[in-house]
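Heads up, the thing below is written out as structure tokens.
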Amino acid sequence: QVQLQESGGGSVQAGGSLRLSCAGFGASDGTSCMGWFRQAPGQEREGVSGINRWNGVSYADSVIGRFTISRDKAKNTLYLQMNNLKPEDTAVYYCAAGVEQLQCAGALRRRDTYNYWGQGTQVTVSA
């Protein structure tokens, strides 16, 4: 069983930065990929970025050049550095972990790639 705990959310003005962290507990060292998703009010949860054990990464078009995903395997921690934040980035951000190698090899921003989810952390960007 894998448990995930996000932190680092908050409120910033447009153009500001935040770094989200996701600490993994339990059997998190057995995961094949980890990712970040977000969900704004009234919208579906969307994949923001993902990284797999072969260091493959994927980003949503809307965050390319602004967000960077990274992983510290020794600390079992996933990060999302978010720069030049925009009001449309406002959402609850969720960390997720996947265990299936075949799925994690390619579909890093699909919800069904992931088996475990954190509780989410709120990011609010004001204009």
Distance col, row F25:CZ vs L4:CG, nearest 0.5 angstrom, shows 9.0 Å

Residues at least two apart in sequence or cross-chain that pass side-chain contact (heavy atoms from CB on, under 4.5 Å) with L102, listed by chain then number, are none

Between A60 and G47 the two heavy atoms that sit nearest each other are CB-O, 3.6 Å

Separation between CG (N55) and OG (S70), nearest 0.5 Å, reads 11.0 Å

So salt bridge (charged side-chain N to carboxylate O under 4.0 Å, His left out) across residues 57-66, not counting sequence neighbours, yields R66-D89

T124 meets the side-chain hydrogen bond (donor to acceptor under 3.5 Å, both in side chains) criterion, sequence neighbours left out, with Q122

Residue pairs passing the side-chain hydrogen bond (donor to acceptor under 3.5 Å, both in side chains) test with at least one member in residues 93-110, sequence neighbours excluded, are R38-Y93, S58-R109, R110-D112

Taken in chain and number order and not counting sequence neighbours, the residues that satisfy side-chain contact (heavy atoms from CB on, under 4.5 Å) with K73 are R71

Interatomic distance, OG1@T77 vs CE@M34, rounded to 0.5 Å, equals 8.0 Å

Quick note, disulfide bond (SG atoms under 2.5 Å apart) partners involving residues 42-127, not counting sequence neighbours, are C22-C95, C33-C104

Quick note, ring pair (Phe, Tyr, Trp, His ring centres under 6.0 Å) partners involving residues 34-60, not counting sequence neighbours, are F37-Y114, F37-W117

The complete set of side-chain hydrogen bond (donor to acceptor under 3.5 Å, both in side chains) pairs with one or both residues in residues 11-26, sequence neighbours excluded, reads S17-N83

_Using side-chain heavy atoms (C-beta onward) and a distance below 4.5 Å, is N115 in contact with V2?_
no

#### Entry: Close side-chain approach of T90 and V123, heavy atoms under 4.5 Å
no

Counting C-beta onward and ignoring hydrogens, is there a side-chain heavy-atom pair between L85 and F67 closer than 4.5 Å? yes

Should Y79 and V63 be regarded as members of a common hydrophobic cluster, given that ILVMFWY residues are connected when their side-chain heavy atoms come within less than 4.5 Å of each other, either directly or indirectly? no

Do L108 and V57 touch side chain to side chain, with heavy atoms closer than 4.5 Å?
no

| With a 4.5 Å heavy-atom cut-off, do Y116 and V99 have their side chains touching? | yes

Taken in chain and number order and not counting sequence neighbours, the residues that satisfy side-chain hydrogen bond (donor to acceptor under 3.5 Å, both in side chains) with Q39 are R45

